[in-house]
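Naming convention: chains lettered A, B, ... in sequence-line order (proteins, then strands); numbering from 1 in each chain.
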There are 2 protein chains.
Amino acid sequence: MLAGVESFAQRGYHATTTRDIAGSAGMSPAALYVHFPSKAALLFAISRSGHEQALAVVQEAAESTDSPVEAMREIVERFVAWHARRHTVARVVQYELGALPEREYEIVANLRRDIERIVRDLVARGVEEGAFTVADPGTAARALLSLGIDVARWYSDRSRKTPEVLGKEYGQLALRMLGAARS
Amino acid sequence: MLAGVESFAQRGYHATTTRDIAGSAGMSPAALYVHFPSKAALLFAISRSGHEQALAVVQEAAESTDSPVEAMREIVERFVAWHARRHTVARVVQYELGALPEREYEIVANLRRDIERIVRDLVARGVEEGAFTVADPGTAARALLSLGIDVARWYSDRSRKTPEVLGKEYGQLALRMLGAARS
DNA sequence: AGGGATTGTAAGCGAGCGCTTAGCGCGGAT
DNA sequence: ATCCGCGCTAAGCGCTCGCTTACAATCCCT
């Protein structure tokens, strides 16, 4: 699986051959089929596990406090840091979705909807409580998630900032974006 | 080229066959090779043209006014609207970079650096003039660009908001993110 | 009207793809 | 001591890929 993550993240699913993965794992191509019935099944295993991790990160952050402002800060900080720290997995999670077979796609699409719902609901609650000021909670939630997701596209091990520092900075930017009072 | 954009945007470069493109253009596979020496050359033609358009959008927006705040509003509005309106081209531009041969990649990478530089310099100038308040102009510029780029990933023709409306909303969010006085 | 350039087609080549088959070595339960 | 089953390899099958070749129709310029 690690070899698959590495290969898919670097070259993309369709540009990766089963021989690439096997070679990167120090095995023969046939060895893959002992563990996964197909190349697509390997992608699904990686993608589902990655999505479950991302969802867990967001869920725990959302439940860490009652204050919408602090909860949102935690979500953005951890979500961004996760995309930076685990940027190889995150790249597969965020950008190889389209390569999944339909049934498998539906499963991870549900996990993605869960993530979006948590963020959208928290923005909406913050607006109701007067903590945030945004025109459209849906658009704001989209923008917040975009900030995190796009980190997977450009972050590399040679980036100067640590995932945690980047998370803190993005957390600040996000709260200001939401018009949070005194952030 | 249009058939190529459509195919690459929908399935990704590596998952697209020359027969797909030819079929979508109502031609035989061999007809492609009258116009482009290879599938990669077609991708490059699309990618370069798309990057040049995006750069032009940002450049014109940046030069439209002397005020950093208003210039940044124009940049984000137009950059976001472009990614929504031309989301098929934008998808190829933003997410099929890695499929380009090295020499061709360098050329579009330079166009991308131009775009980033304009945004980064404008953030820096705004900070100097006291119009913006951000900890790190580089990070802020990254975040601003991420907002626009990620639109290409999720925007579809069935989205409820028009590209222009979406641009206006993102423009507001962006200015608040930058701590712009009175936005 | 003639003729080269342009734009297309039908057919198919060599290579590399995902995946299968047949069989081997070895750790652990009996 | 035996032997089963798991994890693996070598070899290769059938297919589709990007691209080429040989040739035909059409356009435009004189």
Side-chain angles (χ1 to χ4, degrees), chain A residues 1-50 88-89 91-93 95-108, chain B residues 1-51 88-89 91-108:
Chain A
M1 271 182 80
L2 254 158
V5 170
E6 216 68 45
S7 302
F8 292 157
Q10 189 163 91
R11 285 179 284 270
Y13 175 79
H14 289 292
T16 298
T17 72
T18 54
R19 287 160 181 84
D20 286 336
I21 303 166
S24 156
M27 293 165 142
S28 77
L32 294 184
Y33 293 87
V34 173
H35 306 282
F36 299 95
S38 71
K39 183 181 147 187
L42 170 59
L43 173 64
F44 175 53
I46 292 168
S47 190
R48 179 165 65 178
S49 146
T88 44
V89 178
R91 209 116 73 197
V92 178
V93 163
Y95 300 117
E96 302 298 334
L97 266 182
L100 287 166
E102 195 157 353
R103 289 171 46 88
E104 285 82 357
Y105 174 83
E106 276 308 318
I107 295 172
V108 305
Chain B
M1 272 182 82
L2 253 159
V5 170
E6 215 69 45
S7 302
F8 291 157
Q10 190 164 90
R11 284 179 286 270
Y13 174 79
H14 289 292
T16 299
T17 71
T18 54
R19 287 159 180 85
D20 286 336
I21 303 165
S24 156
M27 294 167 140
S28 78
L32 295 184
Y33 293 86
V34 174
H35 305 281
F36 298 95
S38 71
K39 183 181 146 188
L42 169 59
L43 174 64
F44 176 52
I46 291 168
S47 191
R48 180 165 65 179
S49 146
H51 275 94
T88 44
V89 178
R91 209 115 72 196
V92 178
V93 163
Q94 302 297 353
Y95 299 116
E96 301 299 332
L97 265 183
L100 287 166
E102 195 159 352
R103 289 172 45 89
E104 285 82 356
Y105 174 82
E106 276 309 318
I107 295 172
V108 305

For B:Tyr95, what residues pass the ring-ring contact (aromatic ring centres under 6.0 Å, His included) criterion, not counting sequence neighbours? A:Tyr95
Nearest-Å distance for atom pair CG/P, residues B:Leu42 and D:dC19: 10 Å
Enumerate donor-acceptor pairs with a distance under 3.5 Å from any side-chain N or O in residues 31-39 of chain B to protein atoms, sequence neighbours excluded.
unit_1	atom_1	unit_2	atom_2	d
B:Ser38	OG	B:Ala40	N	3.4
B:Ser38	OG	B:Ala41	N	3.0
B:Lys39	NZ	B:Tyr13	O	3.1
B:Lys39	NZ	B:Thr16	O	2.7

Quick one: pull up CZ in A:Arg19 and OG in A:Ser24 and give me the separation to the nearest 0.5 Å. 15.5 Å
Looking at residues at least two apart in the chain, or sitting in another chain, which of them share a ring-ring contact (aromatic ring centres under 6.0 Å, His included) with A:Phe44? none
So, using side-chain contact (heavy atoms from CB on, under 4.5 Å) as the criterion, who are the partners of B:His14 when residues are at least two apart? A:His14, A:Ala15, B:Ala99
When the rotation axes relating C1' atoms of four end pairs to the next four are compared across the helix from C:dA1-D:dT30 to C:dT30-D:dA1, five pairs an end, they differ to 10° by 10°
Round to a whole Å and report the spacing from CZ of A:Phe36 to P of D:dC8. 12 Å
Whole angstrom is fine here: how far is it from CZ in B:Phe8 over to C1' in D:dG18? 12 Å
Give me, pair by pair, the N or O atoms of the protein and of nucleotides 4-6 of chain C that are less than 3.5 Å apart, along with how far apart they are.
none

Would you list the pairs meeting salt bridge (Lys or Arg N to Asp or Glu O under 4.0 Å) in which at least one residue belongs to residues 22-37 of chain B, sequence neighbours left out? none
Going 5' to 3' along nucleotides 10-17 of chain D, which nucleotides have protein heavy atoms under 4.0 Å from the base (write B), which only from the sugar-phosphate (write S), and which from neither (write -)? B-B----B
Atom-pair distance (CG on B:Leu43; C1' on D:dG18), nearest Å: 14 Å
Under 3.5 Å donor-acceptor pairs involving side-chain atoms of residues 1-12 of chain B, not counting sequence neighbours:
unit_1	atom_1	unit_2	atom_2	d
B:Ser7	OG	B:Ala3	O	2.9
B:Arg11	NE	B:Asp20	OD2	3.4

note: B:His35, atom NE2; D:dC19, atom P; distance rounded to Å ~ 15 Å
Give the B/S/- string for nucleotides 22-27 of chain C, one per nucleotide from 5' to 3', where a protein heavy atom under 4.0 Å of the base yields B, of only the sugar-phosphate yields S, and otherwise -. ------
Of A:Ala15 and A:Pro37, whose closest DNA chain C nucleotide lies nearer the 5' terminus? A:Ala15
Within the structure provided, determine whether A:Leu100 and A:Arg48 are in side-chain contact (heavy-atom separation under 4.5 Å). no
Name all pairs fulfilling the salt bridge (Lys or Arg N to Asp or Glu O under 4.0 Å) condition that reach into residues 98-107 of chain A, sequence neighbours left out, sorted by first residue then second. A:Glu106-A:Arg113
If I take atom OH in residue B:Tyr33 and atom P in nucleotide D:dC19, what distance separates them, rounded to the nearest angstrom? 4 Å
